[in-house]
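To start, the structure under review is shown below, and the notes come after it.
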Amino acid sequence: MKMLLLAVALAANAYGQTYPAKPVKLVVPFPAGSATDQVARLAGSQLQEALGQPFIVENKAGAQGGIAAAEVAKAAPDGYTLMVTTNTPQAANVSLFKKLNYDPVKDFTPITRYGTTSFMLMVRADFPAKSLKEFLAHARSHPGKLSAGYGSAGSQVSVAMLKALGKLDIVEVPYKGIPQTVTDTMGGSLQLTFVDLANALAQRKGGKLRGLAVTSGKRSSLAPEQPAIAEELPGYEVIAWFALVAPAKLPQPVVQRLHEANMKALSKPEIKEKFATIGMDVAPMEPAELGRFIQAEVANWARLVKLANIQPE
């Protein structure tokens, strides 16, 4: 038995040293242009540079990231199918859906957490309210007249918590991803949306949308001039995160090889700066630490979903 275990360990170690021997599929559970997509493309380019094989991004949106997560969970644990995930499929979906086709903890191997981000409450440039305080007053004086789009668990909870804590009557409209909510807010069919900082900073610069506030508990260093919603609605806080995971039972030498390549990239000042430009604060975690974090986040998002009075679908 000991000889068999030793042989298995040696084989896994040899596999880890030769990995990857072919292109790797990097699944993104949200549409092209989303924050997760941008993180995946930057992380993938660094992994490709470090490991010498293409890391090919494949977008598979739908069911708040659940479609992609279910597919990756069933893939072979050989390191050639990975997922750049977020708090949505890996934690919040447990509370947002009555039934999931995957287990966000048991069906995945945690590799590296990349970092965190928050969202920005955005309206059209010609929206009558020019500040968060004015927005809250405007929304209260127009009950049922404003529509808010969401395209992820973070944006959904952001809208619902705004309604609950602000005592607002706002119509919620679901989308497959945040980029579509941005388009419809610009077009006028939505009056507001919550946009991840990656896209929010670019949209604000473009001038067609105006930022009113951020969802972090305090002002973000990436947009210090924007107030936190908590300044007007105490207790309000929504933070999202990005991580790399694989199907369960990925050999430990492959986990370590991927993690070390990620950590080397995340330590580079120029890569930290690139992540900052897409709205992410670099905050890495080791595989075991990430595993514990995901378990804790399932409970955290259950609390947020309950606070936001969201009923599971």
- Message: Whether Arg113 engages the ring of Phe293 as a cation-pi pair (distance to the six-membered ring centre under 6.0 angstrom, angle to the ring normal within 45°) should be assessed.
- Response: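 Yes; both conditions hold, so Arg113 lies above the ring face of Phe293.
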- Of all residues at least two apart in sequence or in a different chain, which pass the side chain to side chain contact (heavy atoms under 4.5 Å, CB included) check with Ala50?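 Partners of Ala50 under the side chain to side chain contact (heavy atoms under 4.5 Å, CB included) test: Ala261.
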- Sequence neighbours excluded, which residues qualify as side chain to side chain contact (heavy atoms under 4.5 Å, CB included) partners of Pro31?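 Side chain to side chain contact (heavy atoms under 4.5 Å, CB included) list for Pro31, sorted by chain: Ser34, Ala61, Gln180.
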Using only atom types and a distance under 3.5 Å, with no angle test, would you say the side chain of [X] pairs donor to acceptor with the backbone of [Y]?
| X | Y | result |
| --- | --- | --- |
| Thr112 | Tyr114 | no |
| Arg257 | Thr18 | no |
| Glu232 | Ile229 | no |
| Thr88 | Ser152 | no |
| Thr215 | Val238 | yes |

- Message: One thing to verify: whether Glu231 and Arg219 come together as a salt bridge, which I'm taking to mean a side-chain N less than 4.0 angstrom from a carboxylate O.
- Response: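 Yes, Arg219 and Glu231 are salt-bridged.
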Can you confirm whether more than 12 heavy atoms, excluding those of [X], are under 6.0 Å from its [atom1] atom?
| X | atom1 | result |
| --- | --- | --- |
| Asp103 | CG | yes |
| Lys268 | NZ | yes |
| Lys274 | NZ | no |

- Could you pull out all residues at least two apart from Glu225 that satisfy salt bridge (Lys or Arg N to Asp or Glu O under 4.0 Å)?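 Once residues adjacent in sequence are excluded, the partners of Glu225 under the salt bridge (Lys or Arg N to Asp or Glu O under 4.0 Å) criterion are Arg204.
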- Can you list the residues that meet the ring-ring contact (aromatic ring centres under 6.0 Å, His included) rule with Trp301, with sequence neighbours excluded?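 Counting only residues at least two positions away or on another chain, Trp301 forms no ring-ring contact (aromatic ring centres under 6.0 Å, His included).
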- Item | Test ring-ring contact (aromatic ring centres under 6.0 Å, His included) applied to Tyr236 - qualifying residues, sequence neighbours left out |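 None.
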In a table with atom names and distances, give each donor-acceptor pair under 3.5 Å that connects a side chain of residues 75-85 to protein atoms at least two apart or in another chain.
unit_1: Asp78; atom_1: OD1; unit_2: Tyr80; atom_2: N; d: 3.0
unit_1: Tyr80; atom_1: OH; unit_2: Ala21; atom_2: N; d: 2.8
unit_1: Thr85; atom_1: OG1; unit_2: Gln90; atom_2: OE1; d: 2.6

